[in-house]
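Down below is the structure, laid out as structure tokens.
Letters A, B, ... mirror the listed sequences (proteins, then strands); counts begin at 1. These numbers come from the heavy atoms of this one structure, side chains and all, not from hydrogens, waters or symmetry mates.
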2 protein chains.
Amino acid sequence: MKPYVLIVEDEDALATLLEYNFGKEGFETALAMDGEEALLLASERTPDLILLDWMLPKLSGVEVCRRLRRRKETSKTPVIMLTARSDETDRITGLDFGADDYMIKPFSMPELFARTRALMRRAKPSLLEDIIRIGDIEVDSQAFRVKRDGELIHLGPTEFRLLDHFARHPGRVFSREQLLDAVWGRDVYVEARTVDVHIGRLRKALKRPGKSDPIRTVRSAGYAFEGVE
Amino acid sequence: MKPYVLIVEDEDALATLLEYNFGKEGFETALAMDGEEALLLASERTPDLILLDWMLPKLSGVEVCRRLRRRKETSKTPVIMLTARSDETDRITGLDFGADDYMIKPFSMPELFARTRALMRRAKPSLLEDIIRIGDIEVDSQAFRVKRDGELIHLGPTEFRLLDHFARHPGRVFSREQLLDAVWGRDVYVEARTVDVHIGRLRKALKRPGKSDPIRTVRSAGYAFEGVE
DNA sequence: GAGGTCCGTGACAAGTTTGTGAAAGAAACA
DNA sequence: TGTTTCTTTCACAAACTTGTCACGGACCTC
């Protein structure tokens, strides 16, 4: 489950360079060549970070950023503006209308990665870590293992992805449909109730006599995972 | 309540300048002259943002940042490093060990404020989440929870939506029809008196022996929700 | 203070949502 | 290929919600 970066850049050379480098660095990427496409792609799948060119066809970077901020899903997504301009006024404007950082072209890749990691760590610390700890449970999504007190817990692949998803969004309530999208995949037809069965199995696997259930059922809404207090 | 900024800077002139400017800009400030004092002040009251000099007596800025990140309260507090060095390696190190941004001295105040605002805008809502507080009651519409004094209050879905609606419009009187529209939905046929029953159930759930009823009945008009004084 | 209107609430039946064991395929593995 | 594990669906029970009603009390008007 790689972090997903949306690159919005109309210069072919730079776009390719960015895609190549981010791919190599372990990110999943998507490329939008203009502002409208950027908004479309961002709504199709919420990116974990957006690289946004200042000058764009159709919609300017400023306007794209403003609209992204208005949408609930992307209101907190980190945005790094890429700008050729260098005067201070523009920079401030860039930050003030909702971008989180900016880079002035030409910039160095290592620095861009550093800023990317810094912003991602803030927005979703769990994205960059291989091992996610939640409560007393350790989820190692690289090694596909789950541990508690050093004890391995065996899970089926689907249960694992389900737990992994929950662990990355602790406390948040997901509807069955959202879980199907995130864990099973966007275009798989599976009964919503199937989620219940897997939740049940996950619960059984994580259950411990004394402790309370880390998975909370939110009646008529879905499920949420919360570390045991 | 003003945002609280911790300034960690050992150069007298710059420290004073920062305190003065941030004060003028509407921030509450505290000043630490070395790394140890910084950690002490940060633990006394969690800042909303930290300005951290790279070179410090006793503990370096890097080390201070690292330790701040280890503490639960400050693990997500935005940190802006102030550095005199300008070579790229240092910058990256700075961002990679946990700082959110950096400024190279000498920097411009307007730009520092822009970055400050950008980071705070990101950090603040995450601290407050989508929790509405009304009186002593907390309504978390993201997590579908209601709390008072840390105690969870269980509500059925309809009661929850009802409370949520009230919490978003404190003090306002709603007719039964308005409540049906807002909570049940525009096109649901339900008796107006049903609202009464749910109000009753909500009251029972929120009731506390000593305190007064937060829901006010407005005879022949409807109901209003008011925090308890 | 009589009569009418409005409101609070316990009871309850109907409806909805969730938990779960079992069964039948699918898929992985060896 | 045969075995084992995993996934999906189904069916049913259990748990929980909900809308309505009926009754009694509160309040208002004249």
Side-chain angles (χ1 to χ4, degrees), chain A residues 144-146 152-166 173-208 212-226, chain B residues 144-146 152-166 173-209 211-226:
Chain A
F144 291 89
R145 285 169 190 273
V146 180
L152 272 179
I153 297 173
H154 176 83
L155 296 178
T158 306
E159 277 100 74
F160 184 87
R161 290 199 306 277
L162 188 57
L163 175 59
D164 187 67
H165 179 69
F166 273 132
V173 178
F174 293 96
S175 71
R176 291 175 177 72
E177 285 70 25
Q178 288 176 314
L179 290 173
L180 285 174
D181 268 9
V183 176
W184 275 257
R186 211 151 287 277
D187 35 27
V188 180
Y189 167 65
V190 174
E191 287 291 317
R193 288 300 312 276
T194 300
V195 173
D196 296 24
V197 178
H198 283 275
I199 290 281
R201 284 207 271 270
L202 187 52
R203 276 184 169 142
K204 189 188 269 183
L206 298 180
K207 188 171 60 182
R208 273 205 302 193
S212 64
D213 189 345
I215 299 176
R216 179 165 61 103
T217 302
V218 181
R219 189 162 236 267
S220 82
Y223 298 95
F225 190 92
E226 346 196 79
Chain B
F144 292 89
R145 284 174 185 279
V146 180
L152 277 177
I153 297 173
H154 177 84
L155 297 178
T158 306
E159 277 102 72
F160 185 87
R161 290 199 306 276
L162 188 57
L163 174 59
D164 188 64
H165 182 253
F166 275 132
V173 178
F174 293 96
S175 71
R176 291 174 178 72
E177 285 70 25
Q178 288 176 313
L179 289 173
L180 284 174
D181 269 8
V183 177
W184 274 257
R186 213 155 285 278
D187 36 27
V188 180
Y189 164 65
V190 173
E191 288 291 319
R193 289 300 313 278
T194 300
V195 174
D196 297 22
V197 178
H198 281 275
I199 290 282
R201 290 208 257 262
L202 187 51
R203 276 182 169 143
K204 187 191 268 184
L206 299 180
K207 189 170 60 183
R208 272 205 303 192
K211 305 283 182 172
S212 64
D213 189 347
I215 299 176
R216 180 163 59 99
T217 302
V218 182
R219 198 179 162 83
S220 79
Y223 299 95
F225 191 93
E226 319 177 302

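- Nucleotide C/dC7 holds its P atom 17 Å from the CZ atom of B/F174, rounded to whole Å.
- In this structure, of D/dT18, C/dG19, D/dT9, it is D/dT18 that holds the atom nearest to the side chain of B/E159.
- Atoms CD (B/E191) and P (D/dC21) sit 6 Å apart, rounded to a whole Å.
- For A/R176, a side-chain nitrogen or oxygen approaches OP1 or OP2 of C/dT18 to under 4.0 Å.
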Could you check B/V195 against B/E177 for side-chain contact (heavy atoms from CB on, under 4.5 Å), going step by step and ending with a plain yes or no? CA-CA 9 Å; B/V195 174; B/E177 285 70 25; over 6 Å; no
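- Between B/W184 and B/H198, the angle of the ring planes goes over 60°, which puts this pair in the perpendicular group of the 30/60° scheme.
- As rounded to whole Å, 15 Å separates atom P of D/dT17 from atom CG of B/L163.
- At a threshold of 4.0 angstrom between heavy atoms, the contacts of B/T194 include nucleobase atoms, whether or not backbone atoms are also involved.
- Put simply, CD on A/E191 and CG on A/L180 are 9.5 Å apart, with the number rounded to the nearest 0.5 Å.
- For the OP1/OP2 pair of C/dC7 and a distance below 4.0 Å, the side-chain nitrogens and oxygens of B/T217 include no atom meeting the criterion.
- The base of C/dT17 is paired with the side chain of A/R219 by a donor and an acceptor separated by under 3.5 Å.
- Using a 4.5 Å cut-off on side-chain heavy atoms (C-beta onward), A/V218 and B/F160 make no contact.
- When each of D/dA22, D/dT20, C/dG10 is scored by its nearest atom to the side-chain atoms of B/K204, the top-ranked nucleotide is C/dG10.
- Relative to the side chain of A/R203, the nucleotides C/dG19, C/dT9, D/dT20 differ in distance, and C/dG19 lies closest.
- Residue-level contact check: A/R201 touches the bases, meaning some heavy atom is under 4.0 Å from a base atom.
- Separating the CZ atom in B/F166 from the CZ atom in B/F174 is a distance of 7.0 Å, to the nearest 0.5 Å.
- If you measure from atom CG of A/D196 to atom P of C/dT16, you get 17 Å, rounded to the nearest angstrom.
- A straight line from CD1 of B/I215 to C1' of C/dT9 spans 14 Å, rounded to a whole angstrom.
- Taking atom CZ of A/R193 as the reference point, atom C1' of D/dA11 lies 10 Å away to the nearest angstrom.
- The nucleotide whose nearest atom lies closest to any side-chain atom of B/V197 is, among C/dT17, C/dT9, C/dG19, C/dT9.
- If you measure from atom CG of B/D213 to atom P of C/dC7, you get 15 Å, rounded to the nearest angstrom.
- Residue B/V195 is classed as having no contact, given no heavy-atom separation below 4.0 Å to the nucleic acid.
- Between A/I199 and B/V218, the residue anchored nearer the 5' end of DNA chain C, judged by the nucleotide with its closest heavy atom, is B/V218.
- The CZ atom of B/R203 sits 3.5 Å away from the OG1 atom of B/T217 when rounded to the nearest 0.5 Å.
- Distances were taken from every side-chain heavy atom of A/H198 (C-beta onward) to each of C/dT18, D/dT8, D/dT20; the shortest belongs to D/dT8.
- At the phosphate of C/dC6, neither OP1 nor OP2 sits under 4.0 Å from any side-chain N or O atom of B/S220.
- Taking only side-chain atoms of A/Y223, from C-beta outward, the nucleotide of C/dT18, D/dC21, D/dT9 with the closest atom is C/dT18.
- Distance B/R161 CZ to D/dG19 P: 9 Å, rounded to the nearest Å.
- Between B/W184 and D/dG19 there is a side-chain N or O to OP1 or OP2 distance below 4.0 Å.
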